[in-house]
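Single-structure report; data block below.
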Amino acid sequence: MKFAVIAPVAAGVTADPEWMAAFARHTEACGFESLVAVEHTVLATRYRSVYPYDASGRVELAADCPVPDPLDLLSFLAAHTTQLGLATGVLVLPNHQPVVLAKRAATVDVLSGGRLRLCVGVGWLREEITACGAPFEARGRRADEQIDVLRALWADDAGGVSHHGEFFEFDDVLCRPRPVRGAGLPIHIGGHSVAAARRAGRRGDGFQPLGVAGAELARLLAVMRAEAERAGRDPGRIEVSLGHAVTRIDAERAGKLRAQGADRVVLAMPAVTDLSEAKDALSACAQRLGLPA
């Protein structure tokens, strides 16, 4: 079982270089597998969109909360760690042009020694996606094509890559450097919908349905596995990441998540601004889980 920690964006500290560098070093020292950076290119001061992960329908982040670009943040943290995995969770695909994203992700991966994992999603905040210039209703089809473009540009094809799709088109191009694992740089699919489960089955190296449990989780995992089989893929090779809280997880709860199919647990931090308090929470969590320091 792997354990990842989400950087505490709601605390407003993720753009503080000294805070985040110390937090990342401590996360690594405690034996956690990876650190996860969230994304919002912009937040809206007024919005009609419904946040799907809280009964209120409102996101916990204030519109003026500093949310640094996840790839830039992970690149910075790579320089302050040696082995800690670096993950997005989730990167909002509609906000990105995939040719540019292919270059940026590959650069972070190569300079970090192959430590990057992309977890991507289609987003929920219409106001954000519209501000970034993407059609909200077409974001699912666009995401499928974006993933295909990333894989193609990372492939080992010295003759050049061409792509002619609904949203993107180019001929005879190369994008270098390639990620350390080439086109095998892991792309996990984040989301709680049937569409996300199907996308994970068809195209993902992993599925991250945070906030889903019980019968609904079992249904989504079944959809993901069935879709993988239809696509001629081995569903057993698709990693499943489930969520929990740093302050509540223990070995028993981790075992229950494993029984539900989890390969990784993605742990949410409390919104604490005091670095010592945050470190203590990580240390206590690692001790409960018996992580090798």
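Any value given below was found using the heavy atoms of this structure, including those in side chains, with hydrogens, waters and symmetry copies removed. Just so you know, these numbers come straight off a predicted model, no measurement behind them. Numbering starts at 1 and runs along the sequence shown.
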Using ring centroids (six-membered ring only for Trp), state whether Tyr51 and Tyr53 fall under 6.0 Å. yes

Do Thr81 and Arg25 pair up side chain to side chain, a donor and an acceptor below 3.5 Å, judged on atom types alone? no

A quick test of your reading: do over 12 heavy atoms of other residues, nucleotides or ligands sit less than 6.0 Å from CD of Glu166? yes

We want to know whether Asn95 and His40 form a side-chain donor-acceptor pair, criterion being a heavy-atom distance below 3.5 angstrom. no

Assess the residue pair Met1 and Arg264 against the criterion (side-chain contact (heavy atoms from CB on, under 4.5 Å)); give the C-alpha distance rounded to whole Å, side-chain angles, the decisive distance to 0.1 Å, and a yes or no. CA-CA 6 Å; Met1 178 78 80; Arg264 175 185 293 102; 5.6 Å; no

Verify the neighbour count for atom NZ of Lys256: are there more than 12 heavy atoms of other residues, nucleotides or ligands below 6.0 Å? no

Let's go through Glu227 and Arg230 carefully: what are the C-alpha distance in whole Å and the side-chain angles of both, what is the deciding distance for salt bridge (Lys or Arg N to Asp or Glu O under 4.0 Å) to 0.1 Å, and is it a yes or a no? CA-CA 5 Å; Glu227 195 70 21; Arg230 277 192 288 271; 2.8 Å; yes

Flag side-chain contact, heavy atom, 4.5 Å: Leu77 against Leu84: no

Which pair of non-hydrogen atoms, one from Ser49 and one from Glu127, has the smallest distance, and what is that distance? OG-OE1, 2.6 Å

Arg233 (side chain) donor-acceptor with Gly201 (main chain) under 3.5 angstrom: yes

Does the distance from a Lys or Arg side-chain N to an Asp or Glu carboxylate O, for Asp109 and Arg181, drop under 4.0 Å? yes

How would you list all residue pairs meeting ring-ring contact (aromatic ring centres under 6.0 Å, His included) that involve residues 64-113, not counting sequence neighbours? Phe76-His80

Would you please test Asp148 and Arg151 for salt bridge (Lys or Arg N to Asp or Glu O under 4.0 Å) and show each step? CA-CA 5 Å; Asp148 292 345; Arg151 295 286 193 212; over 6 Å; no

Could you walk me through whether Thr14 and Val67 satisfy the side-chain contact (heavy atoms from CB on, under 4.5 Å) test, starting with their C-alpha distance in whole Å, then the side-chain angles of each, then the deciding distance to 0.1 Å, before giving a yes or no? CA-CA 7 Å; Thr14 52; Val67 185; 5.7 Å; no

side-chain hydrogen bond (donor to acceptor under 3.5 Å, both in side chains) pairs touching residues 272-287, sequence neighbours excluded, are His26-Ser283

Using a distance-only test with no angle check, is there a side-chain donor-acceptor pair under 3.5 angstrom linking Glu216 and His192? no

Is there side-chain contact between Val38 and Val90, with at least one heavy-atom pair below 4.5 Å? no

Does Glu252 have any side chain to side chain donor-acceptor pair (under 3.5 Å) partners at least two apart in sequence or in another chain, and if so, which? none

